[in-house]
Amino acid sequence: MNTIVEDRGVLIDDVRRKAVYEAVTSRRAVRGFTAQPVPREALERVLSGARWSPSGSNLQPWHTYVLTGAPLAELKKLALKRVAAGDPWDEREYEMYPPALKSPYSERRSAFGKERYSALGIAREDWEARQRAALANWDCFGSPAALFCYVDRDLGLPQWADVGMYLQTVMLLLRAEGLHSCPQMAWSQVRKTVAQILSPPDGLILFCGMSIGYEDVTVGYIRTRRAPLDETVTFTDG
Ligand SMILES: Cc1cc2nc3c(=O)[nH]c(=O)nc-3n(C[C@H](O)[C@H](O)[C@H](O)COP(=O)(O)O)c2cc1C
């Protein structure tokens with residue numbers, strides 16, 4: 001049965017409903033892209049749409065830089081060179097994770113690692129192969145487009161959360177264009193190399209990069225799972 005809900009003149013029918021859920025469930029961290037260029041107009045539509053993301057007091061605290069073509073190729077080259085040379089990471093401007101991750105997060109991280117590397121046929125204890133796979137971050141997994149999202153260093157945790165919502169909106173709208181993405185905090189580890197290409201103002205902290213492109217469907221993956229609903233949601237019914 002087609003359940004239709006009327007919302008201020010917009011009819012939400014099964015087709016619309018399905019499209020929204022599909023955008024959410026078909027988004028995943030894609031780690032293999034083709035070289036097919038991403039149309040500039042598609043990126044403009046997506047980033048224009050993502051401006052409608054919510055933020056506390058409508059601060060819109062995101063600062064986005066889009067890279068394609070020669071500047072992206074240069075960034076990939078510099079980052080790969082740097083990482084291959086064994087350069088230490090740039091000093092952190094924020095901690096990616098607490099040093100001791102407690103339960104249940106540590107178990108979830110281990111499960112993710114197992115899924116990620118078994119999709120690539122890499123044994124858990126094969127540290128070198130895992131490092132090689134991680135190197136693909138610096139090639140943006142082959143993507144011809146990427147964005148880098150910064151947040152003002154004078155803003156606080158709630159604004160960082162706003163930036164997260166914005167990035168999810170970007171990723172969902174990319175699905176509407178047939179595009180995929182992979183958000184990458186990894187780029188914060190070489191933020192100075194990113195800054196060399198982008199020259200952002202001093203007052204900004206790089207939260208993450210995001211590879212954007214058309215999926216290379218020959219690259220295997222295992223869909224990451226999620227904790228059951230009752231592990232993360234509590235309903236208190238009246
Ligand atoms: C803020 C953020 C940073 C991430 N950083 C990286 C990264 O540096 N490299 C990477 O391969 N994946 C990265 N991911 C992808 C996550 O590993 C992925 O979202 C998670 O395992 C869930 O899988 P899914 O997105 O495929 O559903 C990041 C995701 C988020 C939200």
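For clarity, every value in this text was computed on a predicted model and none was experimentally measured.
Within the 4.5 Å cutoff, side-chain heavy atoms of Val38 are placed close to those of Leu43. The shortest side-chain heavy-atom distance between Glu215 and Tyr221 falls under the 4.5 Å cut-off. At a threshold of 4.5 Å between non-hydrogen side-chain atoms, the residues Ile205 and Tyr150 do not count as touching. Contact annotation: the side chain of Leu47 approaches that of Tyr166 to within less than 4.5 Å [non-hydrogen atoms, C-beta and beyond]. Contact check for Ile222 versus Ser118: side-chain heavy atoms found under the 4.5 Å cut-off. Here the side chains of Arg108 and Arg225 are not in contact, with every heavy-atom distance at 4.5 Å or above. The closest side-chain heavy-atom distance from Gln168 to Pro183 is not below 4.5 Å. Taking the side chain as every heavy atom from C-beta outward, Gln189 and Met96 approach each other to under 4.5 Å.
Cluster membership check: Val163 shares its hydrophobic cluster with Met171, using side-chain heavy-atom separations under 4.5 Å among Ile, Leu, Val, Met, Phe, Trp and Tyr. Residues Val194 and Leu135 fall within the same hydrophobic cluster, defined by Ile, Leu, Val, Met, Phe, Trp and Tyr side chains chained together at heavy-atom separations under 4.5 Å. Val83 and Ile197 fall within the same hydrophobic cluster, where Ile, Leu, Val, Met, Phe, Trp and Tyr residues are linked whenever their side-chain heavy atoms come under 4.5 Å apart, directly or through other members.
For the atom pair CG (Leu173) and OG (Ser53), the distance works out to 7.5 Å, reported to the nearest 0.5 Å. Atom CG of Leu155 sits about 11.5 Å away from atom CH2 of Trp62, to the nearest 0.5 Å. Summarising the geometry, atom CD1 belonging to Ile122 is positioned 11.5 Å from atom CD belonging to Glu128; distances are rounded to the nearest 0.5 Å. Note: Leu147 CG to Ser181 OG = 8.5 Å, rounded to the nearest 0.5 Å.
Between Arg82 and Asp87 there is a salt bridge, with a side-chain nitrogen of the basic residue lying less than 4.0 Å from a carboxylate oxygen of the acidic one. Under the 4.0 Å criterion applied to side-chain N and carboxylate O atoms, Glu125 and Arg130 are not assigned as salt-bridge partners.
Arg132 meets the side chain to side chain donor-acceptor pair (under 3.5 Å) test with no other residue; sequence neighbours excluded.
More than 12 heavy atoms of other residues, nucleotides or ligands shown are found within 6.0 angstrom of OH on Tyr94. In the displayed structure, Leu157 atom CG is contacted under 6.0 Å by at most 12 heavy atoms of other residues, nucleotides or ligands. In this structure, Arg40 places its CZ atom where only 12 or fewer heavy-atom neighbours from other residues, nucleotides or ligands lie under 6.0 Å away.
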Audit row: Asp14, Arg17, side chain to side chain contact (heavy atoms under 4.5 Å, CB included) steps and yes/no:
CA-CA 5 Å; Asp14 280 353; Arg17 189 173 300 116; 2.4 Å; yes
Is there a side chain to side chain contact (heavy atoms under 4.5 Å, CB included) between Glu74 and Gln196 once you walk through the steps?
CA-CA 10 Å; Glu74 179 67 9; Gln196 225 175 301; over 6 Å; no
Test Leu120 against Arg116 for side chain to side chain contact (heavy atoms under 4.5 Å, CB included), laying out the working first.
CA-CA 7 Å; Leu120 299 170; Arg116 164 130 166 68; 3.6 Å; yes
Take Lys76 and Cys140 through the side chain to side chain contact (heavy atoms under 4.5 Å, CB included) test and state the conclusion after the steps.
CA-CA 7 Å; Lys76 291 179 179 185; Cys140 288; 3.8 Å; yes
Stepwise, does the side chain to side chain donor-acceptor pair (under 3.5 Å) test hold for Ser211 with Gln184?
CA-CA 7 Å; Ser211 299; Gln184 294 170 272; 2.5 Å; yes
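Using bins of under 30°, 30° to 60° and over 60° for the plane-to-plane angle, the ring pair Trp187/Phe148 lands in the perpendicular bin. Note on ring orientation: taking the six-membered ring where Trp is involved, the planes of Trp138 and Trp89 are tilted (angle from 30° to 60°).
Contact record, Tyr214 with Glu177: CE2-O, 4.3 Å, taken as the closest heavy-atom pair.
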